[in-house]
Amino acid sequence: MMRLLTTIARAMVAAPFVVLGLDAAREPGGRVDLARDLGVPEPELAVRANGVGMVVGGAAVATGVAPAAGAVTVAGLMVPTTLAAHAWWRDEDPAEAKADRIQFWKNVGLVGGLLVVAAASRHQDQP
C-alpha cells in the first residue's frame, strides 16, 4: 500500500513541472521578456532550457528513475524562477502583489515536496 501511495504522490508532485516545463520549452512567451529584464543572457534559450530541465527532472520524479536527482534538479530550477517571476515584495499594485504572493508560497510548498521526495528516495536507497 505504501509503495502505491508513494508512486501516486511522486506523480502528483511531478505533474506541474512536466506540464508547465513542456509549455515553457515549446512556447516561452512572456517568460522571455521577464528573463531579459532580469539580465539573463540568451533569455529565450534560458527559458526553453529551464522548461526542458523541469520536464526531465519531473519525469525522473514521476517514474521513480533517479527521483532524488530529479527532485533536487527541479527544486534548484524553481528557486531562481520563483524569485524572478513572483517577487511580490516589488509589486506596487496590491492585487498583483497578492497574486504573486500566492504563487510564491505555492512554489515554496512545491519545493518542500520535492525535497521530501529527494530525502525519502535517498532513505529508500540505503541498505
Side-chain angles (χ1 to χ4, degrees):
M1 184 64 165
M2 287 304 288
R3 179 171 283 181
L4 176 61
L5 185 60
T6 298
T7 300
I8 292 168
R10 275 198 331 262
M12 291 172 74
V13 168
F17 302 108
V18 173
V19 171
L20 298 174
L22 191 57
D23 183 55
R26 285 183 175 163
E27 295 291 330
R31 298 174 193 95
V32 174
D33 293 334
L34 179 59
R36 184 179 294 112
D37 291 347
L38 292 168
V40 173
E42 299 292 334
E44 183 172 343
L45 178 61
V47 169
R48 288 181 189 271
N50 188 350
V52 169
M54 296 243 182
V55 170
V56 171
V61 169
T63 62
V65 176
V72 169
T73 297
V74 175
L77 292 170
M78 283 297 291
V79 172
T81 299
T82 299
L83 292 172
H86 304 298
W88 54 269
W89 54 90
R90 288 189 291 210
D91 293 331
E92 294 180 18
D93 176 9
E96 193 174 312
K98 182 176 181 178
D100 274 337
R101 190 170 47 252
I102 289 167
Q103 293 301 314
F104 178 91
W105 288 112
K106 175 209 40 117
N107 285 0
V108 168
L110 285 169
V111 169
L114 289 165
L115 296 178
V116 168
V117 167
S121 298
R122 295 223 186 264
H123 178 71
Q124 289 174 357
D125 291 343
Q126 303 212 357

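Position 1 is the first residue of the sequence; numbering continues from there.
Partners of Ile8 by side-chain contact (heavy atoms from CB on, under 4.5 Å), not counting sequence neighbours, listed by chain and number: Leu4, Met12. Under the side-chain hydrogen bond (donor to acceptor under 3.5 Å, both in side chains) criterion, Thr73 pairs with no residue at all, not counting sequence neighbours. Under the side-chain hydrogen bond (donor to acceptor under 3.5 Å, both in side chains) criterion, Asp23 pairs with Arg31, not counting sequence neighbours. Take Val108 and apply the side-chain contact (heavy atoms from CB on, under 4.5 Å) test, not counting sequence neighbours, and it matches Phe104, Trp105. Applying the salt bridge (Lys or Arg N to Asp or Glu O under 4.0 Å) criterion to Arg101, with sequence neighbours excluded, gives no partner residue. For Val18, there are no side-chain contact (heavy atoms from CB on, under 4.5 Å) partners two or more places apart in sequence or in a different chain. With sequence neighbours excluded, the residues satisfying side-chain contact (heavy atoms from CB on, under 4.5 Å) with Leu45 are Glu42. Every side-chain hydrogen bond (donor to acceptor under 3.5 Å, both in side chains) that Lys106 has, sequence neighbours left out, goes to Gln103.
In this structure, CG in Leu110 is found 11.0 Å from CG in Leu115, a value given to the nearest 0.5 Å. Once rounded to the nearest 0.5 Å, the distance linking CG of Leu83 with CE of Met78 reads 10.0 Å.
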For residues 47-60, which side-chain donor-acceptor pairs fall under 3.5 Å, sequence neighbours excluded?
unit_1 : atom_1 : unit_2 : atom_2 : d
Arg48  : NE     : Glu44  : OE2    : 3.0
Arg48  : NH1    : Ala25  : O      : 2.6
Arg48  : NH1    : Arg26  : O      : 3.3
Arg48  : NH2    : Glu44  : OE2    : 2.9
Asn50  : ND2    : Thr81  : OG1    : 2.9

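Listed by first and then second residue, the salt bridge (Lys or Arg N to Asp or Glu O under 4.0 Å) pairs that reach into residues 62-71 come to none, sequence neighbours excluded. Under the side-chain hydrogen bond (donor to acceptor under 3.5 Å, both in side chains) criterion, the residue pairs touching residues 86-98 are His86-Asp100, with sequence neighbours excluded.
Heavy-atom minimum distance, Val117 versus Pro67: CG1-O, 4.2 Å.
Other cluster members for Val40: Leu34, Leu38, joined by side-chain heavy-atom distances under 4.5 Å among Ile, Leu, Val, Met, Phe, Trp and Tyr.
Side-chain contact check for Leu77 versus Phe17: every heavy-atom pair is 4.5 Å or farther apart.
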